[in-house]
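Contents: one structure, followed by commentary.
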Amino acid sequence: MAEEKPNKDTEALDDRILTALEDVIDPELGIDIVNLGLIYHVDVDDDNNCEIQMTLTTMGCPLSDMLYDAIVDTVEKKVPEVKDVDVQLVWYPQWTPELMSRYARIALGISQ
């Protein structure tokens, strides 16, 4: 079976989606969900349907519905080429503060 080569247009679209998701702020922590390390995977298929795998800092987070809506709204508004957004909540790997970017750790006062 031949290995699929990544489509450069799709990779650029993935990057634009991640950039757009930096506008989705976790209201409890005041940091965007990308720098918090909550976005695990972004994939856009050949029909421009987007699948986003993400996690939350804790199970039962009361903000999950709000974050889901903000993600869908943000991607639809900022990346109009995307036809459909499917957000999948995953719990593996479990989120830990080590998944945060250096920026997020500094902003939250967490030592390296």
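It should be emphasised that the depicted structure is a prediction, and the values quoted were computed from it without experimental measurement.
Contact check for Asn49 versus Val44: no side-chain heavy atoms found under the 4.5 Å cut-off. A heavy-atom distance below 4.5 Å is found between the side chains of Leu56 and Leu67. The side-chain heavy atoms of Leu18 and Ile39, taken from C-beta on, include a pair separated by under 4.5 Å. Ile52 has its side chain out of reach of Val72: every pair of non-hydrogen atoms, C-beta onward, lies at least 4.5 Å apart. In this structure, Arg105 and Pro97 have side chains that are not in contact, with every pair of non-hydrogen atoms separated by 4.5 Å or more.
For Ser101, the side-chain contact (heavy atoms from CB on, under 4.5 Å) partners two or more places apart in sequence, or in a different chain, are Asn35, Tyr103, Ala104. Listed by chain and residue number, nothing satisfies the side chain to side chain donor-acceptor pair (under 3.5 Å) test with Thr58 (two or more places apart in sequence, or in another chain). A search for side chain to side chain donor-acceptor pair (under 3.5 Å) contacts involving Asp26 returns nothing, not counting sequence neighbours. In this view, Thr55 and Leu38, Tyr40, Trp91, Trp95 satisfy the side-chain contact (heavy atoms from CB on, under 4.5 Å) rule, not counting sequence neighbours. Qualifying side chain to side chain donor-acceptor pair (under 3.5 Å) partners for Gln94, counting only residues two or more places apart in sequence or in other chains: none.
Taking CG of Leu13 as the reference point, atom CG of Asp45 lies at 10.0 Å (rounded to 0.5 Å). One finds the OG1 atom of Thr57 at 6.5 Å from the CD atom of Glu28 (value rounded to the nearest 0.5 Å). The structure places OG of Ser64 at 8.5 Å from CE of Met54, a figure rounded to the nearest 0.5 Å.
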Would you mind writing out the side-chain donor-acceptor pairs for residues 76-90 within the sub-3.5 Å range, not counting sequence neighbours?
{"residue": "Lys78", "atom": "NZ", "partner": "Asp23", "partner atom": "OD2", "Å": "2.4"}
{"residue": "Glu81", "atom": "OE1", "partner": "Arg16", "partner atom": "NH1", "Å": "3.4"}
{"residue": "Glu81", "atom": "OE1", "partner": "Arg16", "partner atom": "NH2", "Å": "3.2"}
{"residue": "Glu81", "atom": "OE2", "partner": "Arg16", "partner atom": "NH1", "Å": "2.6"}
{"residue": "Glu81", "atom": "OE2", "partner": "Arg16", "partner atom": "NH2", "Å": "3.4"}
{"residue": "Asp86", "atom": "OD2", "partner": "Gln88", "partner atom": "NE2", "Å": "3.2"}
{"residue": "Gln88", "atom": "NE2", "partner": "Glu51", "partner atom": "OE1", "Å": "3.4"}

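Placement of Val42 and Ile25 in two distinct hydrophobic clusters is found when ILVMFWY residues are connected by side-chain heavy-atom separations under 4.5 Å, directly or transitively.
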Exercise for the section: Go through Cys50 and Asp43 one step at a time and tell me if the side chain to side chain contact (heavy atoms under 4.5 Å, CB included) criterion holds. Expected result: CA-CA 6 Å; Cys50 176; Asp43 185 49; over 6 Å; no
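Side-chain N or O atoms of Asp32 include one that pairs as donor or acceptor with a backbone N or O of Val34 at under 3.5 Å.
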